[in-house]
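For reference, the structure is listed below as C-alpha cells.
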Amino acid sequence: MENTSTDLKPGPALGESTSVDPAVSTAWARARAGLRNEFGDEAFRSWINPLTLEAVHGGTAILSIRSRFLRDWVSANFAQRIISHFNAEHSGVVTIDLVVNTGADGETLTEAPRFTVPKEEADTSVGAPLDPRYTFDSFVVGKTNELACAAAQRVADSESIQFNPLFIHGGVGLGKTHLMHAIAWRIRRRTPLRQVAYLSAEKFMHEFIRALRFKKTEAFKEQFRSVDVLMVDDVQFMADKGATQEEFFHTFNALIDERRQIVVSADKSPSDLAGIEERLISRFNWGLVADVHPTTYELRLSILQSKAAEIGSRIPDKVLEFIAHKIQSNVRELEGALNRMAAHASLIGRAVTIEMATEVLKDALRANERHITIDEIQRRVCEHFNIKMLDMSSARRARVVARPRQVAMYLAKMLTSRSLPEIGRKFGNRDHTTVMHAVRKIEELRAIDSSINEDVEILIRALRS
Ligand code: ADP
Ligand code: MG
C-alpha cells in the first residue's frame with residue numbers, strides 16, 4: 001500500500017516528514033476559527049473541522065477530507081469562503097486543492113477541485129481581518145459595559161438604522177475593539193451580503209495617504225462609500241491630521257446620507273477628543289455615544305472564570321478572586337495574568353495557590369499596586385457598613401447611608417487621583433462641593449470620633465492590601 005501522504009501530491013517536499021510551515025499552520029488555525037464564526041458551530045463541526053492541511057506548495061494549500069461525499073459538499077458550499085479566509089490570514093496562500101484521503105488509498109490528486117481567491121478579494125479588500133476570538137459570545141457583560149454591549153448588539157442585529165453613528169469610548173483594554181469585531185462577525189453571519197469594513201483610524205490614514213501618492217483618491221473614496229457598515233477603531237489617532245479628517249468627514253457624510261451604518265471608537269468621549277475638528281465631533285455626537293467604564297471586581301472575576309473555562313485551565317476560585325482583586329488596570333492585563341498562571345499551572349502540574357500567584361505575577365501586581373478605583377472603594381465601604389451599592393449613588397439622606405457615602409467620597413479623594421467633579425459623578429452625579437463637604441466632614445470626625453476613625457483605618461488597610 002502506498003503512503004497516502006506522498007500519494008497526495010508528487011513532490012520533493014512530501015513524505016512522512018512533511019511539515020507545514022508554522023506560519024501557514026497558524027494562519028490555517030485562524031482561518032478555521034474565522035470560518036467557525038461565519039458558519040456556526042454545527043456547520044463547522046460537520047464540514048470544516050474534518051479538513052486536514054496536508055501540505056503547501058507555492059501558493060497552493062492542499063486540504064484533505066476523508067470521503068468524496070464530504071469533499072463535494074465542501075466544494076459546493078464552503079470552498080470559496082475557505083480560500084478567502086485562508087488568504088486573509090496568509091497572503092501567500094492563494095489557492096486550495098481539495099483532495100480525498102480515505103486513509104486507505106488516497107484518491108488521485110488530478111481530480112482535486114481547485115479554488116482560487118477571487119481577484120478583488122486578494123489584498124485590495126477594504127479593512128483589516130477580524131479576530132475570531134472577539135465575538136459577543138466571548139464578551140462578558142457587567143454593569144460597566146452593558147450599555148456599550150447592548151448598543152453594539154442592536155447595531156449588529158437590526159438592518160434598519162437605529163442610531164448613527166454608534167460611538168464607543170473608554171480606556172485602553174476595556175473591550176472596544178472586541179465589541180467592534182463582534183458586530184462585524186454577527187453581521188457577516190446574519191446577512192452575508194452586507195459589506196462590512198472594519199479598520200483602525202491609522203490604517204484609514206495610511207490608505208488615504210497612499211491613495212494620494214498614487215493618485216488613486218477616487219478609487220479610495222469609492223471603496224469606502226460602497227460599504228454597508230463602516231467601523232473605524234481608535235479615531236483619536238486622527239488627531240491633528242487635517243487632510244485625513246477632512247476625507248473621513250466626507251466619507252462619513254456620504255455614508256450617513258445613504259443610510260449606511262457607521263461605528264466609531266475612541267479613548268475619549270467626542271467632546272473630550274483633542275485635535276479633532278469641531279464638525280467631526282458634532283457628527284460623532286449625532287448618534288449614540290456609549291462608554292465602557294473601568295471594570296468592577298465582579299466583572300473581572302467573571303471574565304477570569306469565563307476565560308479560565310475557555311482555555312480549560314483549573315485554577316482555584318480563590319486564586320481567580322485574588323487576581324481579580326489585584327489586577328484592576330484593564331482586561332488585557334487580566335488576561336495576561338491568567339495566561340501566565342495557566343502556563344505555570346500546567347508546567348508544575350500542581351494545584352495553584354495564592355502564594356504561587358503572588359510569585360508568578362510579581363511584576364503585574366507591583367504595577368497595579370496602589371491603583372485603587374472608586375468602584376473598589378464603594379464596594380468595600382458598602383461591605384463594611386453593610387449597605388447596598390445603590391446607596392452610594394442614591395439620594396437617600398438617612399445617616400446610616402449618608403455617613404458611609406461620605407466616608408467613601410473621602411477615601412476616593414485620599415486614595416485615588418480623581419478630581420472632585422469626577423468623584424461626584426461616581427456618586428450619583430453629585431456636585432463637587434458635596435464631595436468637598438464630605439471630605440472635610442470625615443476629616444473632622446476622624447479627629448473626634450474614634451469609632452469612625454477606626455472604620456476609616458480598617459478600610460484604608462483593606463484597600464491598600
Ligand atoms: P480596547 O480596544 O478597548 O483597548 P480590547 O477590545 O482590545 O480593548 O480588549 C482587550 C482584551 O480584553 C481583549 O483580548 C478582549 O477580548 C478582552 N476583553 C475586554 N473586555 C472584555 C469582556 N467584557 N469580556 C471578555 N473579554 C474582554
Ligand atoms: Mg482597541
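Read the numbers this way: they start at 1 and go in the same order the structure lists the ligands and their atoms.
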May I have the step-by-step check of side chain to side chain contact (heavy atoms under 4.5 Å, CB included) for M238 and V232, ending in yes or no?
CA-CA 11 Å; M238 284 189 191; V232 181; 4.3 Å; yes
So CD of E38 and CG of L130: to nearest 0.5 Å the spacing works out to 10.0 Å
Quiz question: by atom type and distance under 3.5 Å, do the side chains of Q261 and D228 form a donor-acceptor pair?
no
Distance-only donor-acceptor check, side chains N253 and R283, under 3.5 Å
yes
Would you call E246 and R279 a salt bridge, using N to O less than 4.0 angstrom?
yes
Give a yes-or-no answer on whether the side chains of Y198 and D233 include a donor-acceptor pair shorter than 3.5 Å.
yes
By chain and number, the residues contacting ligand 1 below 4.0 angstrom (heavy atoms only) are Y134, S138, F139, V140, N145, G171, V172, G173, L174, G175, K176, T177, H178, I303, K307, V331, R332, E335
Does a donor on one side chain and an acceptor on the other come within less than 3.5 Å for D455 and H384?
yes
For the residue pair R403 and F385, would you count it as a cation-pi contact if the rule is NZ or CZ under 6.0 angstrom from the ring centre and within 45 degrees of the ring axis?
no
When you check the gap from the basic side-chain N to the acidic O, do R379 and E376 get nearer than 4.0 Å?
yes
Below 2.8 Å of the Mg ion (ligand 2), tally up the protein N/O/S atoms for me.
1
